Amino acid sequence: MSQITRAAGKRPERPKLDLKFLQRFCSIQRVLFPTWSSQNVLMFGTLLAVTLFEQLIIYQVGVIPSKFYKVLASKDFPGFKGLLLFAGLLIVLNSMLKSLDQYICSLMYVSWRRALTERLHGSYFQGRVYYTLNVLREDLDNPDQRISQDAERLCKQMSAMASRLILSPFTVAYYTYQCFYSTGWVGPVSIFGYFVVGTLTNKVLMGPIVGTLFEQEKLEGDFRFKHMQIRVNAESAAFYRAGKVEHMRTDRRLQRLLQTQRSLMTKEFWLYIGVNTFDYLGGFLSYMVIAMPIFTGVYDGLSPGELSALISRNAFVCIYLINCFTQLMDLSTTLSDVAGYTHRIGELMEVMDDIIRKQCDYDPTSGDSYDFDSDLDAPHCHVDTAFILDRLSYKSPQSDNLLVKDLSLKISQGTHLLVVGDTGTGKTSFLRVLNRLWESSSGFVQMTTFFGPRGLMFLPQKPYLTDGTLREQVIYPLKDTYPVSGSVDDERILQFLELAGISSLLKRTGGLDEEVDWNWYDVLSPGEMQRLCFARLFYLQPKYAVLDEATSALTEEAEGKLYRACKQLGMTLVSLGHRSSLDKHHDMKLRLCGDGRWEVTELKA
Ligand SMILES: Nc1ncnc2c1ncn2[C@@H]1O[C@H](COP(=O)(O)OP(=O)(O)OP(=O)(O)O)[C@@H](O)[C@H]1O
């Protein structure tokens with residue numbers, strides 16, 4: 001059986017500018033440019049056409065001064081007027097093309113970001129990948145940061161490179177030809193040699209930057225997470241008066257981040273030196289290229305006038321070709337950022353694909369996400385069991401000790417089961433194994449009913465409240481009302497809010513569909529949250545409800561009321577809890593005794 005567990009002890013390699021980078025870069029490009037006719041390819045093609053046209057105009061603008069000299073020297077007034085008009089037209093065209101170029105780059109950035117983020121979301125929300133990634137895998141830091149920020153920065157940096165990169169093959173080819181034509185093979189060979197040396201030097205200088213940028217983004221994620229932790233738990237922290245300690249811890253994370261940022265800047269400093277040196281060396285190189293045939297006597301037969309004309313022409317093409325290359329080398333800093341982000345996104349994609357593959361090996365149904373809304377019309381399931389467990393053993397991910405060993409049990413309709421045990425004996429883990437969040441160590445667990453409304457629902461220990469209106473809280477995890485029946489549905493929701501004892505919420509929100517600007521976790525008491533989860537359960541009316549300490553914040557009386565309501569609605573209950581008052585609502589008791597031991601007893605009515 002495959003393992004969806006921590007990849008313990010596996011230290012990730014330090015990201016570099018290597019083959020792995022190329023592989024990851026190509027797989028990201030396949031996401032950005034899925035087909036030849038995709039929107040992104042078309043935009044890229046348009047950008048190429050615009051930049052080529054722009055180059056043509058720039059060339060025309062470049063030769064205009066010499067034309068001005070000519071008409072002014074010959075005092076040609078009509079020619080001067082015509083030239084002014086022509087120059088004005090060129091300037092308007094040029095500025096329009098430049099703006100269009102920037103606009104297409106921005107559009108490409110948005111479109112790339114959408115494609116990449118949607119691809120990442122597609123894997124993240126497939127089956128239980130988001131759970132495995134955040135809870136069980138330790139080999140990948142901050143998946144949220146990678147999806148929300150790193151993907152954005154990668155697209156931004158790539159779009160910044162796009163218009164400069166897209167032209168370079170054309171300009172390099174054209175000016176190489178021109179250079180060869182004017183200087184023979186000496187010019188292109190020495191300029192290409194200069195470029196190769198420059199690139200190799202920059203690659204060495206870029207190497208450490210990629211790894212440090214990767215580390216910096218991790219620390220950035222950790223820093224943000226710390227703030228999010230305080231935001232979500234502000235009240236608990238305030239009860240502890242934990243401002244001082246949290247201040248210290250948050251500052252510590254900031255210091256670590258800033259230290260890495262400083263080290264990144266030091267490494268970038270050496271790269272800047274490399275880039276700038278090659279920029280200025282390029283200026284001299286053109287004269288060295290020209291000087292070689294002069295000093296070897298190739299042009300000895302030319303007069304000084306002819307020689308200076310030749311130097312001026314040769315200098316122009318050489319300088320232009322060198323300029324093409326130095327522009328490419330200037331991209332080194334952007335490229336090292338792109339490499340860092342590429343590694344972070346590529347690694348995330350690989351880990352998610354790995355989880356999906358293992359998940360599907362383990363549980364073939366996990367490939368498709370549950371779509372409760374579309375399953376509503378599915379024929380009613382008439383099976384009278386929910387789970388069959390056969391010699392089931394399981395342990396927690398980090399430990400080798402079995403929490404439960406060889407448990408055989410059938411959870412059938414009408415037989416309410418209570419699971420009890422000391423703290424940490426594996427009660428919630430039992431539900432994790434039933435829900436296939438964790439793998440069993442041996443034996444098997446078979447779910448014989450379907451998941452969702454009218455089937456089986458879990459109420460987790462920590463109530464989960466989504467963002468949105470009161471209606472959206474009650475119908476969660478459905479996207480739409482159920483059944484799609486307008487006011488009839490409203491009545492059902494009101495009735496169930498009443499039954500769960502929280503109809504007062506309706507007044508606070510101002511209506512079922514009223515948008516609220518508060519965070520539900522901040523304004524509801526733990527008891528109200530638990531009641532709201534019961535209203536949700538009543539609304540969804542599953543045949544089986546698995547409740548993990550779902551009434552721990554309520555009085556025994558309220559607990560009794562809610563349990564009776566569940567039974568009246570025809571639900572079979574599997575509950576976890578510590579309270580003895582729960583006994584009377586159940587028919588069987590499974591006690592987890594620790595060290596793998598367990599016992600099942602019948603409860604007298
Ligand atoms: N994600 C996890 N990774 C590693 N160990 C875990 C994880 N979740 C739980 N455990 C460990 O597994 C053991 C069983 O946990 P479980 O949540 O099932 O306890 P429980 O019986 O429900 O306890 P309680 O009564 O406090 O709710 C505990 O020792 C816990 O620390």
Side-chain angles (χ1 to χ4, degrees), residues 1-10 124 127-144 225 229 232 236 351-352 354-355 358-359 362-363 366 387 389 392-407 409 411 417-443 445 458-464 526-527 529-530 533 545-554 559 573-583 585-586 588-601:
M1 187 184 289
S2 63
Q3 288 291 312
I4 311 175
T5 50
R6 285 163 205 274
K10 241 203 225 170
Y124 190 65
R128 297 171 296 270
V129 173
Y130 58 91
Y131 171 80
T132 312
L133 205 55
N134 283 304
V135 181
L136 301 179
R137 294 283 287 237
E138 277 191 331
D139 54 343
L140 191 119
D141 67 88
N142 302 302
D144 54 334
F225 180 75
Q229 204 178 36
V232 171
S236 315
V351 171
M352 289 201 293
D354 178 52
I355 295 173
K358 288 176 176 169
Q359 204 168 256
Y362 169 59
D363 173 13
S366 68
F387 292 101
L389 318 180
L392 174 75
S393 304
Y394 59 86
K395 56 187 177 198
S396 68
Q398 269 175 337
S399 137
D400 287 331
N401 300 334
L402 286 179
L403 289 168
V404 163
K405 190 169 174 225
D406 292 338
L407 172 63
L409 188 73
I411 298 177
L417 175 72
L418 176 64
V419 184
V420 296
D422 268 352
T423 306
T425 45
K427 301 183 294 297
T428 303
S429 307
F430 176 63
L431 302 193
R432 293 181 185 121
V433 175
L434 289 188
N435 204 353
R436 296 197 161 236
L437 299 182
W438 288 7
E439 288 179 35
S440 56
S441 307
S442 62
V445 44
F458 286 81
L459 280 200
Q461 198 167 7
K462 289 185 214 157
Y464 182 69
M529 288 191 224
Q530 291 193 333
C533 289
V546 184
L547 317 174
D548 188 356
E549 302 197 22
T551 51
S552 57
L554 300 173
E559 175 183 272
L573 302 169
V574 177
S575 313
L576 263 65
H578 293 283
R579 277 199 201 155
S580 55
S581 59
L582 282 172
D583 283 10
H585 303 297
H586 298 84
M588 285 220 304
K589 183 148 106 178
L590 167 65
R591 179 180 293 282
L592 305 184
C593 314
D595 299 326
R597 289 173 294 115
W598 53 272
E599 62 188 35
V600 176
T601 47

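Read the numbers this way: they start at 1 and go in the same order the structure lists the ligands and their atoms. None of the values given here were measured: they were computed from a predicted structure. FYI, the numbering just counts along the sequence from 1.
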Counting N and O atoms only, with roles assigned by atom type, does the side chain of Q530 sit under 3.5 Å from a partner on the main chain of S552, one being a donor and the other an acceptor? yes
Within ligand 1, which atoms have a heavy atom of T423 less than 4.0 Å away? 25 (O), 26 (O)
Flag side-chain contact, heavy atom, 4.5 Å: S396 against L403: yes
Kindly confirm or rule out an N or O of T428 lying under 3.5 angstrom from an N or O of ligand 1. yes
Considering both backbone and side-chain atoms of G426, is one of its nitrogen or oxygen atoms within less than 3.5 Å of a nitrogen or oxygen in ligand 1? yes
Take every heavy atom of Y394, measure it against each atom of ligand 1, and state whether any distance is under 4.0 Å. no
Between F430, W438, Y131, flag the one that comes closest to atom 2 (C) of ligand 1 by a heavy atom. W438
Assess whether a salt bridge exists between R137 and D354, defined as any Lys/Arg side-chain N lying under 4.0 Å from an Asp/Glu carboxylate O. yes
Are V351 and L133 packed together at the side-chain level, in the sense that at least one heavy-atom pair is separated by less than 4.5 angstrom? yes
With a cut-off of 4.0 Å, which atoms of ligand 1 are near a heavy atom of H578? 25 (O)
Those atoms of ligand 1 less than 4.0 Å from some heavy atom in S429: 14 (C), 15 (O), 16 (P), 18 (O)
How about L547 and V574: do any of their side-chain heavy atoms sit closer than 4.5 Å? no
For L403 and ligand 1, does the shortest N/O to N/O distance drop below 3.5 Å? no
If you define the side chain from C-beta out and look only at heavy atoms, does anything of V129 sit under 4.5 Å from T132? no
Can you find a pair of side-chain heavy atoms, one from S441 and one from L402, that are under 4.5 Å apart? yes
Under 3.5 Å between some N or O of ligand 1 and some N or O of K427? yes
What atoms of ligand 1 come closer than 4.0 angstrom to any heavy atom of V135? 1 (N)
Going by the atom numbers of ligand 1, which of them fall below 4.0 Å from some non-hydrogen atom of E549? 25 (O), 27 (O)
Is any side-chain heavy atom of M529 less than 4.5 Å from a side-chain heavy atom of Y464? no
